[in-house]
Amino acid sequence: MRDRRRGGGDDSQRWLTTYSDLVTLLLAFFVLLFSMSELDAAKFEQLVAGLEAPFGNPGQVDSVLAESDGLLDGVPPELVAPAPATTTTTMAGTDEGVELPELVLTPDQLLIVQDAIAQSLSASGHQGAASFRITQRGLVVSVATDDLRFESGSSRLGESGVEIVGAIAEVLSRIENAVQVEGHTDDVPFGRPGFDNWDLSAERALAVLHLLVDGHELDQDRLGAVGYGEHRPLVENTDSDARALNRRVELVVLYQGVDFDE
């Protein structure tokens, strides 16, 4: 017969102790999971309210998300930088301005240069005369040759074209980056014997370059010019409006240290 004095009680009930410990541990585990997953109602309401303004609710101003106009035209998502903070330095002729770095090294700084050029154009009475995009080479400032008032088949800048280039040059003179001037045409063949769209695009790029050097004293060592003819269109040359977009001169503010041919 079993000696109860040595066993300290009935062994058949000892499993209850282990079971109760297991249940307690499971309860603690699920309480921990619940506490980690519980939503903060106040923060959730703030998030919902913050989503209203970017998605079109004009009455909501306390947004937790910054409003955006979308990606820059032609810019891969990985190259798009956050909008730079507004500074207090004032440009001549404008009410609000931006402070420019001497050397532009990052997409953030390219956006600052873009803002300064847009303000300079606006101050000169040519708001919207240029479009902008950021590429792996740098900031591309694109101006339609129709706005530059080149006569058909001519590389002579019109009066408004001189003013537009001058407004852009005012900003370019304040940085030290290399600038490449690139001429483009539409696909309409040029009729003069021995002179084609390659020649016309190159001459128009050179006309802008000479104005930057001779008229605004930009260092010629940091400038280059090239003509691409009709071979690098922005859009398909399907109609007159598309061809007008493709007839353009682009000033490319290159990242410091980037060669012209990269």
Side-chain angles (χ1 to χ4, degrees), residues 79 81 84 87 89-94 97-126 129-145 147-150 154-184 198-229 232 248-262:
L79 293 180
T87 63
T89 302
T90 303
M91 286 177 50
T94 61
V98 291
E99 183 177 357
L100 296 177
E102 290 185 3
L103 297 178
V104 176
L105 301 173
T106 67
D108 273 343
Q109 293 174 334
L110 287 178
L111 287 173
I112 296 175
V113 175
Q114 172 182 318
D115 188 28
I117 292 174
Q119 290 188 34
S120 183
L121 286 168
S122 179
S124 69
H126 297 284
S131 61
F132 306 90
R133 65 186 189 275
I134 294 178
T135 70
Q136 292 181 345
R137 293 190 302 158
L139 172 66
V140 181
V141 184
S142 183
V143 184
T145 55
D147 289 333
L148 292 172
R149 294 296 186 267
F150 285 117
S154 170
S155 60
R156 183 175 181 179
L157 282 162
E159 181 178 350
S160 63
V162 172
E163 294 173 356
I164 290 171
V165 173
I168 298 173
E170 194 279 330
V171 178
L172 298 181
S173 66
R174 298 163 56 200
I175 61 176
E176 297 181 1
N177 291 67
V179 178
Q180 179 156 289
V181 185
E182 301 176 348
H184 301 267
W198 285 103
D199 300 290
L200 180 61
S201 63
E203 285 198 2
R204 286 177 170 175
L206 283 170
V208 172
L209 182 147
H210 283 301
L211 180 57
L212 293 174
V213 173
D214 300 332
H216 300 280
E217 300 182 347
L218 267 68
D219 186 354
Q220 56 188 335
D221 292 338
R222 53 183 284 232
L223 299 176
V226 63
Y228 289 115
R232 297 195 181 186
R248 67 197 190 277
V249 172
E250 295 184 333
L251 295 89
V252 186
V253 181
L254 300 169
Y255 283 113
Q256 181 68 19
V258 176
D259 295 331
F260 286 117
D261 57 356
E262 288 189 356

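All residue numbers refer to positions in the sequence shown, counting from 1. Keep in mind that what you see is a predicted model, and the values were worked out from it rather than measured.
Across Asn177, Ile112, Val113, Leu251, a single residue satisfies side-chain contact (heavy atoms from CB on, under 4.5 Å) together with Leu139, and that is Val113.
No donor-acceptor pair closer than 3.5 Å links the side chain of Ser201 to the backbone N or O of His184. At least one donor-acceptor pair under 3.5 Å links the side chain of Gln109 to the backbone N or O of Leu105. Remark: the backbone N or O of Arg156 is not paired with any side-chain donor or acceptor of Arg149 at under 3.5 angstrom.
Checked by atom type, the side-chain pair Glu250/Ser142 shows a donor-acceptor distance below 3.5 Å.
Rounding to the nearest 0.5 angstrom, the gap separating the CG atom in Leu172 from the CG atom in Asp219 is 12.5 Å. Rounding to the nearest 0.5 Å places CG of Leu209 at 8.5 Å from CG of Asp214. Atom OG1 in Thr106 sits 8.5 Å away from atom CG in Leu111 (nearest 0.5 Å). Separation of atoms CD1 (Ile168) and NE2 (His216) is listed at 10.0 Å; rounding is to 0.5 Å.
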Carefully, step by step, assess Glu170 and Ser120 under the rule side chain to side chain contact (heavy atoms under 4.5 Å, CB included).
CA-CA 8 Å; Glu170 194 279 330; Ser120 183; 4.0 Å; yes
Between Asp147 and Ile164, does a side chain to side chain contact (heavy atoms under 4.5 Å, CB included) hold up when you go through it step by step?
CA-CA 9 Å; Asp147 289 333; Ile164 290 171; 4.3 Å; yes
Walk me through it: do Ile134 and Val140 pass the test side chain to side chain contact (heavy atoms under 4.5 Å, CB included)?
CA-CA 6 Å; Ile134 294 178; Val140 181; over 6 Å; no
Can you check side chain to side chain contact (heavy atoms under 4.5 Å, CB included) on Val208 and Glu182, steps first, answer last?
CA-CA 9 Å; Val208 172; Glu182 301 176 348; over 6 Å; no
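Shown here for Arg204 and Ser154, the closest heavy-atom pair between the two residues is NE-O, 2.8 Å. Summarising the geometry of Ser155 relative to Phe150, their closest heavy-atom pair is O-CE2, 3.2 Å, with the distance given to 0.1 Å.
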